[in-house]
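Following: one structure in structure tokens, then a few remarks.
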Amino acid sequence: MPSSRTQITEIATALGMTGAPSLDTAFDQPGPPVVGVSADRWRQLHALYRAGAHLIDFEGAWRNGRAFRDATWGLRGRPPLRIEWKGPHKPPAYEFLPADLRVDHVFLVSCKHDSHILANTS
């Protein structure tokens, strides 16, 4: 199971891509807009955000997701049709392209926030 900080940075990056105007409004949704995020995990992340825990991580990841959404080499300002969080999934074999998020079945996004780990060999 990924750490809380890892979950925050990966899922908040996805939320930044959705087109919601802020993290507050992104969390106002009744359920997660990201495939692979359970209702329990969604509630836990929302509670961490409301409590102000890891606020720097939430906000930095949110900005990264917004930058990807707005980038001409990314989503070009449009919200994605589908975002999948790959965090809890284990591939059946070695993963040559480790990705934390898969966006619109095309973009593979690896979220490395202040990490010294540049490859995931697990």
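Just the heavy atoms: all of them, side chains too, but no hydrogens, waters or symmetry mates, feed the values below. None of these values were measured; they are calculated from a predicted model.
- The shortest distance between side-chain heavy atoms of Arg102 and Phe107 does not fall below 4.5 Å.
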Determine all donor-acceptor pairs shorter than 3.5 Å in which one atom belongs to a side chain in residues 68-79; sequence neighbours excluded.
from  : atom 1 : to     : atom 2 : distance (Å)
Arg76 : NE     : Thr72  : O      : 3.2
Arg78 : NH1    : Asp104 : OD2    : 2.8
Arg78 : NH2    : Asp104 : OD2    : 2.6

(request) Determine, step by step, whether Leu48 and Phe58 satisfy the side chain to side chain contact (heavy atoms under 4.5 Å, CB included) criterion, reporting the C-alpha distance in whole Å, the side-chain angles of both residues, the deciding distance to 0.1 Å, and the verdict. (result) CA-CA 10 Å; Leu48 286 171; Phe58 272 109; 4.2 Å; yes

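- Atom CG of Leu45 is separated from atom CD of Gln7 by 6.0 Å, given to the nearest 0.5 angstrom.
- Between Met17 and Val103 there is a side-chain heavy-atom pair separated by less than 4.5 Å.
- To the nearest 0.5 Å, the span separating CD1 on Ile56 from CD1 on Ile8 amounts to 12.0 Å.
- Judged purely by atom type and a 3.5 angstrom limit, Asp100 uses its side chain to pair as donor or acceptor with the backbone of Cys111.
- To the nearest 0.5 Å, atoms CH2 (Trp62) and CG (Leu15) are separated by 6.5 Å.
- With sequence neighbours left out, Arg82 forms a side chain to side chain donor-acceptor pair (under 3.5 Å) with Glu84.
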Mind listing the side-chain donor-acceptor pairs of residues 21-40 below 3.5 Å, one per line with the distance, residues two or more places apart or on another chain?
from  : atom 1 : to    : atom 2 : distance (Å)
Ser22 : OG     : Asp24 : N      : 3.4
Ser22 : OG     : Thr25 : N      : 3.2
Ser22 : OG     : Thr25 : OG1    : 3.3
Asp24 : OD1    : Tyr49 : OH     : 3.0
Thr25 : OG1    : Ser22 : N      : 3.1
Thr25 : OG1    : Ser22 : O      : 2.9
Gln29 : NE2    : Ala26 : O      : 3.4
Ser38 : OG     : Arg41 : N      : 3.1
Asp40 : OD1    : Arg43 : NH2    : 2.3

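- Remark: Ser110 pairs with no residue by the side chain to side chain donor-acceptor pair (under 3.5 Å) rule, at least two apart or across chains.
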